[in-house]
**Q** 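Right, I'll just put the structure down here and ask away after.
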Amino acid sequence: MAHQVTLIPGDGIGPEISDAMREVVAATGVRIDWHVQTAGAAVMEREGTPLPERVLDSVRETGTAIKGPVTTPVGSGFRSVNVALRRAFDLYACVRPCLSMPGDGSRYDAVDLVIVRENTEDLYAGIEFDEGTDGARQIMATVEAAGVGTIKPDSAISLKPISVSGSERIVRYAFDYARANGRHKVTAVHKANIMKCTDGLFLHTAERVAADYPEIEFDARIVDATCMGLVQHPEDFDVLVLPNLYGDIVSDLCAGLVGGLGLAPGSNIGANQAIFEATHGSAPDIAGKDIANPTAMILSAAMMLDHLGEGAAAANIRTAVREVLAAGKQVTADIRRSLTGSFDGAVGTRAYGAAVAEAVARLS
C-alpha cells in the first residue's frame, strides 16, 4: 500500500529541489501517493492567503507532509507560513540532525549531533505589546504592583511563557529519540542562572524527566557556554534539547558546523501530524537556474521515510548522498567548490538529483 504524503513544493528554488527529492524517493521503491499543494507567495495573489485552508486539510488527511522553502508575503497576516503550520497542528518538536558530509566545506569532519527544539512556547509564542499601547501599560502596572521591578514607559514588551507540560513533552521526546536511535546522551540547554523562573522551570523539568531514562547520560549547560563548546568541541555533544528561541539559534550554529543550511534537513513533529522540510530559504535569486543544492530536501525525505517506517530506504538515501558527495563528480557548484576550490565540473540540480537516485537504486 502506498503512503499518503502531502507535498508543498514552496517558492523560489522549492519546486526544483522538490522534483529532485521525488526522483530520489522513487528510486527507493517505496510507493508514495503525493498530494501536491501550493502555498506561499506564489498563491497569495490568487487566493488571498499564503496558506490556503486546502493545504491544512491535506495535511490533516495524510498526517505526513514534506515542504520546500516557502516565502511569506508582506501583509499576509502570518508571521510566517512555517509558524502557522506548526501552530495549526501543534508540531511541538523541531528536530534537526547535524551530520558531517563529504565536501561540506566545514572546519570539522566528524560532527554527529541532533537538535531537539521546543516549537510552541517561549518568546516565539508571539505574545507581544507595542510601545504605547494599553496592553503594554497594563503589563507595566502589573509588574510594578507586584514589586518585581519597573519597565521603561517607552518599551515594547514580549512575554516568555514556558510551561511544565510543554517542557516535559519536549524533553521526553528528546530522550525517546535518543533511546530509539542509539544515542547515549541528552543535554538540556538553558539560561536558568538568569531566567530563574522560566528557564529554571525548563531545567528542573528536564532533570525530573531524565530520571526516567537511567541508561542515557544527562547533563545541562548554559546556552552561551553551549555555543562556545559546540565550536570548540562538537564531539562532546549528542542530543541537545532546548526551549524555542535558543533552539532556533543553536540549530543554525550547528548547521554551520556541517557546511550550512543547504545540507541541513529538518522535521516538525506533533502527536498526529509531521512535516519535514529543507531548513534553508527560498533563494529567489537563483530560482529556475538549475543550480540549487537539493541535499537538505533529499535528507529531509530520508527523515520522512524513517517516520513512515521505511528505515532501510532512508538509510539507502543517506548512504547514496554520501557516496555522490564523496565522489565529487556530479555535485552542485557549492559542493564542487568545497572539494576542489573551483566551480569547474559542477552539475545542476537535476543532474545531482539523478546521480543520487541512481546510487539509491543500486543500493535498494
Side-chain angles (χ1 to χ4, degrees), residues 10 12-14 16-25 66-69 82 94-117 230-231 234-235 237 240 247-268 276-283 286 290-306 314-341 343 346-357 359-360:
I13 62 172
E16 298 169 72
I17 64 174
S18 294
D19 286 347
M21 177 274 296
R22 289 180 67 172
E23 182 176 5
V24 170
V25 171
I66 185 166
K67 59 178 286 295
N82 290 339
C94 178
V95 183
R96 296 262 298 266
C98 295
L99 179 66
S100 294
M101 288 280 177
D104 62 20
S106 171
R107 295 175 174 84
Y108 307 89
D109 58 11
V111 175
D112 182 6
L113 51 85
V114 179
I115 303 297
V116 178
R117 164 191 170 192
L230 284 164
V231 172
E235 68 277 6
F237 297 88
L240 295 86
D248 189 13
I249 296 168
V250 171
S251 62
D252 275 18
L253 184 155
C254 291
L257 301 179
V258 296
L261 294 176
L263 298 171
S267 63
N268 296 280
F276 301 83
E277 62 180 347
T279 58
H280 54 71
S282 58
I286 62 170
D290 191 37
I291 60 175
N293 182 350
T295 301
M297 192 73 171
I298 292 169
L299 293 176
S300 296
M303 295 181 71
M304 179 190 75
L305 290 173
D306 277 328
N316 286 344
I317 288 178
R318 294 186 182 100
T319 299
V321 167
R322 295 188 72 86
E323 286 183 0
V324 172
L325 292 178
K329 295 179 179 178
Q330 292 178 286
V331 295
T332 51
D334 53 332
I335 298 296
R336 185 68 179 170
R337 186 179 186 184
S338 294
L339 290 168
T340 68
F343 295 128
V347 302
T349 308
R350 288 189 294 270
Y352 171 77
V356 175
V360 168

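FYI, side chains are in, hydrogens and waters are out, and symmetry mates aren't considered; it's all heavy atoms of this structure.
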**Q** For the pair Arg318 (side chain) and Leu299 (backbone), establish whether a donor and an acceptor sit closer than 3.5 Å, ignoring hydrogens and angles.
**A** no
**Q** Is there a donor-acceptor pair under 3.5 Å between the side chain of Tyr108 and the backbone N or O of Gly259?
**A** no
**Q** Walk me through whether Tyr352 and Ile335 qualify under side chain to side chain contact (heavy atoms under 4.5 Å, CB included).
**A** CA-CA 11 Å; Tyr352 171 77; Ile335 298 296; 5.9 Å; no
**Q** Would you say Ser106 and Asp104 are linked by a side-chain donor-acceptor pair, where the criterion is simply a distance under 3.5 Å?
**A** no
**Q** CD/Glu323 to CG/Asn316 distance, rounded to the nearest 0.5 angstrom?
**A** 9.5 Å
**Q** Determine, step by step, whether Val95 and Met303 satisfy the side chain to side chain contact (heavy atoms under 4.5 Å, CB included) criterion, reporting the C-alpha distance in whole Å, the side-chain angles of both residues, the deciding distance to 0.1 Å, and the verdict.
**A** CA-CA 10 Å; Val95 183; Met303 295 181 71; 4.2 Å; yes
**Q** For the atom pair CD (Glu235) and CG (Leu230), what is the distance rounded to the nearest 0.5 Å?
**A** 10.0 Å
**Q** Apply the test side chain to side chain contact (heavy atoms under 4.5 Å, CB included) to residues Val250 and Ile115: give CA-CA distance (whole Å), side-chain angles for both, the deciding distance (0.1 Å), then the verdict.
**A** CA-CA 8 Å; Val250 171; Ile115 303 297; 4.0 Å; yes
**Q** Tell me, please, which residues at least two apart from Ala320 pass side chain to side chain contact (heavy atoms under 4.5 Å, CB included).
**A** Val356, Ala359, Val360, Leu363
**Q** Taking all non-hydrogen atoms of both residues, which atom of Ala278 and which atom of Ile17 are closest, and how far apart?
**A** CB-CD1, 4.4 Å
**Q** Is a side-chain N or O of Ser300 found less than 3.5 angstrom from the main chain of Glu277, in a donor-acceptor match?
**A** yes
**Q** Taking the side chain as every heavy atom from C-beta outward, state whether Arg337 and Phe343 have any pair of such atoms under 4.5 Å apart.
**A** yes
**Q** Any donor-acceptor pair under 3.5 Å linking the side chain of Ser100 with the backbone of Val111?
**A** yes
**Q** Please, which pairs that meet salt bridge (charged side-chain N to carboxylate O under 4.0 Å, His left out) have at least one residue in residues 248-263, sequence neighbours excluded?
**A** Arg96-Asp252, Arg117-Asp248
**Q** If you apply the rule side chain to side chain contact (heavy atoms under 4.5 Å, CB included), what do you find for Thr349 with Asn293, and how did you get there?
**A** CA-CA 6 Å; Thr349 308; Asn293 182 350; over 6 Å; no
**Q** Flag the pair Thr332 / Ile291 as yes when at least one side-chain heavy-atom distance between them is below 4.5 Å, and no otherwise.
**A** no
**Q** Heavy atoms only: give me the nearest Ala296-His280 pair and the separation to one decimal.
**A** CB-CD2, 3.9 Å
**Q** Provide the closest heavy-atom pair for Glu23 versus Arg350 in the form atom of the first, atom of the second, distance.
**A** OE1-O, 4.5 Å
**Q** For Met21 and Ile298, work out which heavy atoms get closest and say how close.
**A** CA-CG1, 4.1 Å
**Q** Which atom names give the shortest non-hydrogen contact between Ala346 and Ala333, and what distance separates them?
**A** CB-CA, 3.5 Å
**Q** Any chance you could measure Leu113, atom CG, to Phe237, atom CZ, to the nearest 0.5 Å?
**A** 8.5 Å
